[in-house]
Amino acid sequence: MVEARVRGYFGIGAEGVSKSANIGALLRIGHAFGASFYFTIGTGWNSRAARIADTADTPLHVPMWRYPTLADMSMPQGCALVGIELLEDAVDLPSFRHPLNAAYVVGPERAGLSAGLLERCHHMVRIPARFALNLAVVGALVLYDRLLQHGRFADRPVGSRGPVTTPPTTGHGAPRFRKMIPDWLPVDAKKP
């Protein structure tokens with residue numbers, strides 16, 4: 001299996017979640033999709049309960065920050081904070097353009113993200129579902145959508161039985177010079 005190449009970086013976190021197993025499942029999902037960091041805000045943490053869901057033992061491999069309060073939270077410079085919440089003015093996930101560098105944050109199913117955190121978010125996204133989903137499921141859907149958008153995959157066929165093309169090649173090919181061809185360039189590379 002070849003790991004997908006994805007541009008940019010992302011982190012994922014949760015605010016106010018009381019069940020460590022849910023956090024553990026979110027960590028495992030983030031690790032599977034290549035998260036660069038994790039964070040929690042005002043959540044309890046029972047490492048034994050989290051390890052039951054996080055069989056990859058993600059905190060050993062990827063940085064995790066636990067912020068006691070929202071005031072303590074900080075993100076890397078240039079990282080857009082993306083809240084995931086069922087709000088009327090939130091962008092539906094299939095229509096959302098993921099920032100190159102982002103931190104996604106989910107809240108507890110019943111209460112949602114706090115008003116203070118909603119104010120700090122650069123973007124608000126919602127899963128177009130009829131009711132709230134488990135936070136690990138939400139995390140998986142959002143990170144999969146990000147992978148589809150920032151990854152390098154072949155286009156889908158028009159029909160369900162259509163041929164699958166190969167993904168686009170990486171790299172930019174031979175250099176092109178607009179004015180002159182330098183002497184150091186080999187002769188066969190000088191042809192357009």
Side-chain angles (χ1 to χ4, degrees), residues 4 6-46 49-50 53-54 56 58-59 61-151:
V6 180
R7 301 176 329 207
Y9 67 83
F10 71 93
I12 190 161
E15 178 193 38
V17 176
S18 61
K19 296 179 182 173
S20 295
N22 278 343
I23 299 293
L26 186 68
L27 293 176
R28 186 173 191 277
I29 287 165
H31 193 164
F33 282 104
S36 300
F37 63 92
Y38 301 92
F39 62 99
T40 60
I41 308 160
T43 62
W45 181 259
N46 176 332
D54 179 18
T58 300
H61 307 284
V62 182
M64 181 173 170
W65 295 289
R66 295 188 313 179
Y67 302 110
T69 67
L70 181 57
D72 298 318
M73 184 187 80
S74 66
M75 288 290 124
Q77 186 174 354
C79 182
L81 188 60
V82 180
I84 305 163
E85 190 63 78
L86 283 174
L87 297 174
E88 285 296 319
D89 58 345
V91 177
D92 285 331
L93 182 61
S95 301
F96 180 64
R97 175 64 59 187
H98 292 268
L100 189 61
N101 302 313
Y104 301 93
V105 62
V106 296
E109 294 171 37
R110 292 186 180 150
L113 298 173
S114 68
L117 184 56
L118 290 173
E119 288 178 19
R120 289 187 64 175
C121 288
H122 298 94
H123 306 280
M124 290 305 304
V125 176
R126 69 181 182 147
I127 307 293
R130 287 186 259 167
F131 47 83
L133 301 171
N134 173 275
L135 70 95
V137 172
V138 167
L141 290 170
V142 169
L143 297 185
Y144 179 72
D145 190 70
R146 178 186 172 84
L147 178 68
L148 290 178
Q149 198 171 103
H150 286 292

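Numbers here are sequence positions counted from 1. As the structure is a prediction and not an experimental result, all values here were calculated from the model.
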Here's a test for you: under side-chain contact (heavy atoms from CB on, under 4.5 Å), which of E119, R120, E15 qualifies with S114? E15
Is a donor on one side and an acceptor on the other found under 3.5 Å between the side chain of D92 and the backbone of P94? no
Taking the six-membered ring for Trp, are Y104 and F10 parallel (under 30°), tilted (30 to 60°) or perpendicular (over 60°)? perpendicular
If we ignore hydrogens and angles and just use 3.5 Å, is the side chain of N101 paired with the main-chain N or O of G8 as donor and acceptor? no
Which atoms form the tightest heavy-atom contact between P63 and S36, and what is the distance? CD-O, 3.4 Å
H122 and C79 have their tightest heavy-atom pair at CE1-O, 3.9 Å
Scanning both residues in full, the closest heavy-atom pair of L93 with L141 reads CD2-O, 3.8 Å
Compare all side-chain heavy atoms of I23 with those of Y38 and state whether any distance is below 4.5 angstrom. no
With a 4.5 Å cut-off on side-chain heavy atoms, are T40 and V17 touching? no
Geometric class of the H31/H61 ring pair [parallel <30°, tilted 30-60°, perpendicular >60°]: tilted
Nearest-0.5 Å distance, CE of residue M64 to CZ of residue F37: 12.5 Å
Tested for side-chain contact (heavy atoms from CB on, under 4.5 Å) against F33, the lone hit among L147, V142, I12 is L147
State the CG-OG1 distance between L26 and T43, to the nearest 0.5 angstrom. 10.5 Å
Backbone of P99 reached by a side-chain donor or acceptor of R146 within 3.5 Å: yes
Does H98 offer a backbone N or O that forms a donor-acceptor pair with the side chain of H150 under 3.5 Å? yes
Is a donor on one side and an acceptor on the other found under 3.5 Å between the side chain of Q149 and the backbone of F96? yes
Strictly by salt bridge (Lys or Arg N to Asp or Glu O under 4.0 Å), give each pair with a member in residues 26-38 just once, sequence neighbours left out. none
For M124 versus I84, what's the shortest heavy-atom pair and its separation? CE-N, 4.3 Å
Around atom OH of Y9, are there more than 12 heavy atoms from other residues, nucleotides or ligands closer than 6.0 Å? yes
For the atom pair CG (L27) and CG (N22), what is the distance rounded to the nearest 0.5 Å? 11.0 Å
Below 4.5 Å, heavy atoms only, C-beta onward: do Y67 and S74 meet side chain to side chain? yes
Show the numbers, then the answer: is there a side chain to side chain contact (heavy atoms under 4.5 Å, CB included) between L81 and L117? CA-CA 9 Å; L81 188 60; L117 184 56; 3.8 Å; yes
Shortest non-hydrogen contact from E85 toward G112: OE1-CA, 3.1 Å
Closest non-hydrogen contact found for R126 with L87 is CD-O, 3.3 Å
